[in-house]
Protein chains: 2
Amino acid sequence: MTSDAPEPNWLNDAEMRTWRAYLRAVNLIERRLNEGLKAAGGLTIEDYEVLVHLSETVDQRLRMSELSQRLVHSQSRLTQRVDRLAKRGYVSREKCPEDRRGTFACLTEDGFAALEATAPQHVQDVRDALIDLIEPDEHAVIAEVLERISEELHES
Amino acid sequence: MTSDAPEPNWLNDAEMRTWRAYLRAVNLIERRLNEGLKAAGGLTIEDYEVLVHLSETVDQRLRMSELSQRLVHSQSRLTQRVDRLAKRGYVSREKCPEDRRGTFACLTEDGFAALEATAPQHVQDVRDALIDLIEPDEHAVIAEVLERISEELHES
DNA sequence: GGGTGGTAGTTCAATGTTGAATGATTATTA
DNA sequence: TAATAATCATTCAACATTGAACTACCACCC
């Protein structure tokens with residue numbers, strides 16, 4: 001008589017190595033980027049990403065909910081991050097006229113300036129920590145897998 | 001007369017897409033794994049990783065400093081995480097006889113049991129969130145890049 | 001139109017992380 | 001060997017995140 005639970009599909013050695021390398025690489029990348037940003041200004045990578053996403057829209061603003069989805073942050077986390085960025089003058093809030101439940105986070109001039117001041121260092125760090133460590137012939141595979149993951153895990 | 005600062009080596013479109021996909025994928029993976037672990041028991045992924053690393057050593061124990069390096073955690077973060085795991089009885093501390101500054105974190109039977117109980121669900125989540133999203137012919141490239149990153153960023 | 005259910009965003013308490021300071025021990029150097 | 005420097009781990013206060021509860025608003029349907 002055997003157990004009801006199916007035997008788990010354990011990772012084989014190669015898969016396990018990949019998984020461990022993934023965990024390690026991700027943590028190392030994050031640490032490196034945060035060190036660089038801290039040296040270059042006072043932004044964390046999360047701050048930076050908020051400002052980047054705003055800067056990439058046509059009118060430099062996004063609804064809170066949209067922003068939290070793009071960043072994969074909880075709403076309350078975003079609320080408080082935007083609070084802090086607003087306190088520093090990098091972001092402002094505006095009520096949404098079409099939907100009065102809604103709020104826009106808007107990039108301010110100071111916020112844009114902070115982004116501009118930090119960007120060169122940060123781009124170099126992103127290169128050093130990830131992009132330039134991918135060989136040209138590997139790039140397509142990496143990009144494809146990452147986008148597949150993003151798409152696949154998108155619901156939840 | 002031009003500026004002293006060299007023009008930053010901005011990311012091109014493909015590189016930018018890769019970088020964005022990376023950020024998104026990493027956050028989605030973490031969210032998914034934490035949801036799974038929470039459902040399967042009361043461990044976070046950080047808890048789980050502490051226990052796994054201990055379980056993989058010959059005598060189920062590691063020095064705090066060694067463990068913090070493997071996990072890419074600050075020492076104080078690890079101290080407090082081990083505090084919490086110890087409070088739940090999953091880990092115990094032992095003084096190191098060779099170096100009396102040192103402390104071992106030791107996996108307890110309860111800790112091992114918690115790991116065993118959680119592992120099947122977690123392995124499946126790791127498959128769903130990463131491993132099984134990599135096609136067989138892509139696996140070598142992914143593994144190689146991740147290990148290159150781990151190695152390259154290892155100092156710092 | 002009024003009721004029902006859903007969505008947007010914030011708040012709050014509990015929990016977790018950071019980074020500098022500390023105490024204790026070991027390593028190095030004069 | 002004494003003095004100095006470095007390492008191991010913890011502590012503490014400031015800061016950040018989580019998740020549930022809450023307010024306000026919108027959308028649907030009878």
Side-chain angles (χ1 to χ4, degrees), chain A residues 26-28 30-39 42-50 54 61-88 90-106 155-156, chain B residues 26-28 30-39 42-50 54 61-88 90-106 155-156:
Chain A
V26 163
N27 281 316
L28 286 166
E30 189 179 2
R31 168 183 289 188
R32 163 68 61 97
L33 294 179
N34 263 328
E35 283 170 357
L37 281 171
K38 173 148 295 184
L43 299 175
T44 64
I45 189 165
E46 322 257 322
D47 292 331
Y48 189 94
E49 285 301 312
V50 169
L54 296 179
R61 74 187 50 203
L62 278 173
R63 288 285 294 273
M64 293 294 283
S65 48
E66 173 66 18
L67 190 49
S68 78
Q69 279 180 26
R70 293 199 192 187
L71 295 168
V72 194
H73 282 188
S74 69
Q75 284 205 64
S76 77
R77 181 177 179 180
L78 182 63
T79 291
Q80 298 183 201
R81 184 157 294 285
V82 168
D83 284 349
R84 291 188 289 273
L85 287 168
K87 202 169 293 177
R88 295 165 73 177
Y90 291 168
V91 151
S92 65
R93 273 184 235 253
E94 274 183 41
K95 296 304 294 178
C96 173
E98 295 88 47
D99 183 343
R100 289 189 306 165
R101 293 167 300 182
T103 307
F104 285 110
C106 314
E155 343 287 347
S156 84
Chain B
V26 164
N27 281 316
L28 286 167
E30 191 181 359
R31 167 181 291 187
R32 163 68 61 96
L33 294 179
N34 263 328
E35 283 170 357
L37 281 171
K38 173 148 296 183
L43 298 176
T44 65
I45 188 164
E46 323 256 324
D47 293 330
Y48 189 92
E49 285 301 312
V50 169
L54 295 180
R61 72 188 52 203
L62 278 173
R63 287 284 296 272
M64 293 294 284
S65 50
E66 173 65 19
L67 189 49
S68 78
Q69 279 180 27
R70 293 200 191 186
L71 295 167
V72 194
H73 281 189
S74 69
Q75 287 205 102
S76 79
R77 182 177 179 180
L78 182 63
T79 290
Q80 298 183 197
R81 185 156 294 284
V82 168
D83 283 350
R84 292 187 288 272
L85 288 169
K87 202 169 294 177
R88 296 164 73 178
Y90 291 168
V91 150
S92 65
R93 274 184 235 253
E94 275 183 40
K95 297 304 293 179
C96 173
E98 295 88 47
D99 182 341
R100 290 190 305 169
R101 293 167 301 183
T103 306
F104 284 110
C106 313
E155 342 288 347
S156 85

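The chains referred to below are lettered A, B, ... by the order of the sequence lines, with proteins before strands, and numbering in each begins at 1. These numbers were taken from a predicted model, which means no experiment stands behind them.
Straight-line distance from the CZ atom of Arg101(B) to the C1' atom of dC8(D): 6 Å, rounded to whole Å. Taking atom CG on Leu37(B) and atom P on dT18(D), their separation rounds to 15 Å, with Å as the unit. Rounded to whole Å, the distance from CD1 on Ile45(B) to P on dG16(C) is 15 Å. In this structure, Phe104(A) places its CZ atom 9 Å from P of dG9(C), rounding to the nearest Å. Straight-line distance from the CG atom of Asp47(A) to the P atom of dT18(C): 14 Å, rounded to whole Å. The nearest whole Å value for the distance from the CG atom in Asp99(B) to the C1' atom in dA9(D) is 11 Å. In this structure, the CD atom of Glu94(A) is 18 Å from the C1' atom of dT10(C), given to the nearest Å. Taking atom CG of Asn27(A) as the reference point, atom C1' of dT17(C) lies 13 Å away to the nearest angstrom.
Remark: Arg81(A) CZ to Arg84(A) CZ distance equals 5.0 Å, nearest 0.5 Å. Considering CG of Leu78(B) and CE of Met64(B), their distance stands at 4.0 Å, rounded to 0.5 Å. A distance of 8.0 Å separates CG in Asn27(B) from CG in Leu71(A), rounded to the nearest 0.5 Å. Taking CD from Gln75(B) and CD from Gln69(B), the interatomic distance works out to 8.0 Å, rounded to the nearest 0.5 Å. The CG atom of Asn34(A) sits 7.5 Å away from atom CD of Glu46(A), with the distance rounded to the nearest 0.5 Å.
Across residues 76-85 of chain B, Ser76(B), Arg77(B), Gln80(B), Arg81(B), Arg84(B) each have a non-hydrogen atom less than 4.0 Å from an atom of DNA chain C (numbered order). Contacts with DNA chain D (heavy atom under 4.0 Å) in residues 66-75 of chain B: Gln75(B), listed by number.
For the pair Arg70(B) and Leu62(B), the minimum side-chain heavy-atom distance is below 4.5 Å. Thr44(A) has its side chain out of reach of Leu37(A): every pair of non-hydrogen atoms, C-beta onward, lies at least 4.5 Å apart. Between Leu67(B) and Leu54(B), some side-chain heavy-atom pair lies under the 4.5 Å cut-off. With contacts defined as side-chain heavy-atom distances shorter than 4.5 Å, the pair Arg63(B)/Asp99(B) qualifies. Residues Tyr90(A) and Leu43(A) are in side-chain contact: their nearest non-hydrogen atoms beyond the backbone lie under 4.5 Å apart.
Of the side-chain N and O atoms in Lys38(B), one or more sit less than 4.0 angstrom from OP1 or OP2 of dG19(D). For dA9(D), neither phosphate oxygen OP1 nor OP2 lies less than 4.0 angstrom from any side-chain nitrogen or oxygen of Lys95(B). Phosphate proximity of dG9(C) to Arg63(A): present, with a side-chain N or O under 4.0 Å from OP1 or OP2. For the pair Arg93(A) and dT10(C), the criterion of a side-chain N or O lying under 4.0 Å from OP1 or OP2 is met.
Remark: the Arg100(B) side chain and the dT25(C) base include no donor-acceptor N/O pair separated by less than 3.5 Å.
Out of dT10(D), dC8(D), dT10(C), the shortest distance to the side chain of Met64(A) is found at dT10(C). When distances run from any side-chain atom of Thr103(A) to the nucleotides dC26(D), dT10(C), dC8(D), the shortest one goes to dT10(C).
Annotation: of the two residues near DNA chain C, Gly102(A) and Pro97(B), the 5′-most nearest-nucleotide partner is Gly102(A).
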